[in-house]
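The structure appears below as structure tokens.
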Amino acid sequence: MTRRAALFQKMALKQKLYLTKQLHALGIVRDELSKNRAMKAQLEELLEADKATDHAHSGMSLYSASWFNTQVRDQLLSISNKCEHLAKEVVTLKKDIASAEHKRSRQEDKATELVAEARKLTQDQADIQLAELRRR
């Protein structure tokens, strides 16, 4: 095997390690996204349940209901923004993974090609030497 072929194989191995790390990160981000989406659904359910209740008993109950509603809406906005950010992160990670996989594939192909060329060159040289020996 030539030095260039070994170099391309090492580069492909490095890409494979990078891919493993990226796939692990993608799994973590997807888990976090699903948790945040579940939390968002729960907050939306809380808002719907709060709409159904009647808070017109006293001024203090109106104040408490308003405070609760504001807190839930703030958290819902925060979770929505997190979900949006995580969804973008998933798309970015998928693009990086696809790019790295393509690069790794090209590097492995190049290494295989260089090994085949080296073998062919070695075989051609051996054939030439054999032909010279037969002439003598």
Side-chain angles (χ1 to χ4, degrees):
M1 182 182 324
T2 65
R3 288 184 67 196
R4 285 188 68 207
L7 180 66
F8 275 102
Q9 283 182 340
K10 288 178 183 177
M11 288 170 35
L13 185 59
K14 184 178 177 183
Q15 283 297 321
K16 192 172 183 180
L17 290 172
Y18 175 75
L19 275 168
T20 304
K21 289 178 184 178
Q22 291 298 90
L23 287 170
H24 180 70
L26 180 62
I28 291 171
V29 171
R30 280 185 174 164
D31 287 345
E32 190 67 27
L33 182 59
S34 67
K35 288 177 188 176
N36 282 321
R37 284 182 176 158
M39 178 76 73
K40 183 180 174 184
Q42 288 177 348
L43 289 172
E44 288 170 346
E45 288 174 14
L46 276 175
L47 284 177
E48 288 298 318
D50 191 50
K51 282 182 185 178
T53 59
D54 185 23
H55 300 289
H57 298 294
S58 69
M60 190 60 174
S61 66
L62 284 173
Y63 177 78
S64 295
S66 174
W67 178 85
F68 175 77
N69 195 318
T70 302
Q71 293 298 315
V72 172
R73 287 190 185 280
D74 285 347
Q75 290 223 350
L76 184 60
L77 179 64
S78 175
I79 292 290
S80 295
N81 288 340
K82 255 188 201 176
C83 286
E84 188 177 315
H85 173 71
L86 289 172
K88 287 179 184 176
E89 187 73 21
V90 166
V91 169
T92 303
L93 282 170
K94 283 182 177 180
K95 285 180 184 177
D96 288 348
I97 288 169
S99 173
E101 178 62 35
H102 181 67
K103 189 174 182 180
R104 183 193 61 79
S105 175
R106 284 192 348 237
Q107 289 169 343
E108 284 181 346
D109 291 346
K110 185 66 175 177
T112 304
E113 178 185 320
L114 289 171
V115 167
E117 285 178 13
R119 283 185 184 151
K120 185 178 181 330
L121 184 63
T122 304
Q123 184 63 40
D124 290 346
Q125 289 174 351
D127 289 345
I128 290 171
Q129 287 177 354
L130 185 60
E132 287 179 10
L133 285 175
R134 286 185 181 167
R135 283 187 218 158
R136 294 183 187 178

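Because the structure is a prediction, the values reported are computed rather than measured.
- For residues 20-40, the set of pairs meeting the salt bridge (charged side-chain N to carboxylate O under 4.0 Å, His left out) definition, not counting sequence neighbours, is empty.
- The side-chain hydrogen bond (donor to acceptor under 3.5 Å, both in side chains) test applied to K120 returns D124, not counting sequence neighbours.
- Here the closest heavy-atom approach between residue A111 and residue A5 is recorded as CB-O, 3.6 Å.
- In this structure Q75 satisfies the side-chain contact (heavy atoms from CB on, under 4.5 Å) test together with L43, sequence neighbours excluded.
- The hydrophobic cluster containing I79 does not contain L33, counting ILVMFWY residues as joined when their side-chain heavy atoms lie under 4.5 angstrom apart, directly or transitively.
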Practice problem: Apply the test side chain to side chain contact (heavy atoms under 4.5 Å, CB included) to residues Y18 and K14: give CA-CA distance (whole Å), side-chain angles for both, the deciding distance (0.1 Å), then the verdict. | Solution: CA-CA 6 Å; Y18 175 75; K14 184 178 177 183; 5.9 Å; no

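- Distance CG/L114 to CG/L121: 12.0 Å, rounded to 0.5 Å.
- Transitive grouping of hydrophobic side chains (ILVMFWY, heavy atoms separated by less than 4.5 Å) keeps M60 and F68 in distinct clusters.
- For Q123, the side-chain hydrogen bond (donor to acceptor under 3.5 Å, both in side chains) test picks out D127, with sequence neighbours left out.
- Legend: residues meeting side-chain contact (heavy atoms from CB on, under 4.5 Å) with D109, ordered by chain and number and at least two apart, are S105.
- Residues forming a side-chain contact (heavy atoms from CB on, under 4.5 Å) with K82 (at least two apart in sequence, or on another chain): N36.
- Other cluster members for L133: none, since no ILVMFWY side-chain heavy atom sits under 4.5 Å from it.
- Within the model, atoms CD of Q15 and CZ of R106 stand 9.5 Å from one another, a figure rounded to the nearest 0.5 Å.
- I97 is linked by a side-chain contact (heavy atoms from CB on, under 4.5 Å) to L19, Q22, L23, L26, counting only residues two or more places apart in sequence or in another chain.
- Of the inter-residue distances, the one linking R104 atom CZ with F8 atom CZ reads 15.0 Å to the nearest 0.5 angstrom.
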Practice problem: Apply side chain to side chain contact (heavy atoms under 4.5 Å, CB included) to the pair V72 and D50, showing each step before the final yes or no. | Solution: CA-CA 10 Å; V72 172; D50 191 50; over 6 Å; no

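- With hydrophobic clusters built from ILVMFWY side chains whose heavy atoms lie under 4.5 angstrom apart, I28 does not share a cluster with L17.
- In terms of the salt bridge (charged side-chain N to carboxylate O under 4.0 Å, His left out) criterion, E89 has no residue partners (sequence neighbours excluded).
- Other cluster members for L130: none, since no ILVMFWY side-chain heavy atom sits under 4.5 Å from it.
- Interatomic distance, S80 OG to L76 CG, rounded to the nearest 0.5 Å: 4.5 Å.
- The side-chain hydrogen bond (donor to acceptor under 3.5 Å, both in side chains) check on R73 picks up N69, with sequence neighbours excluded.
- T70 contributes a side-chain N or O that, together with a main-chain N or O of S66, makes up a donor-acceptor pair within less than 3.5 Å.
- Residues satisfying the side-chain hydrogen bond (donor to acceptor under 3.5 Å, both in side chains) test with Q107, not counting sequence neighbours, are none.
- Taken from OG in S99 to NZ in K95, the straight-line distance is 11.0 Å, to the nearest 0.5 Å.
- The CD atom of E44 lies 12.5 Å from the CE atom of M39; values are rounded to the nearest 0.5 Å.
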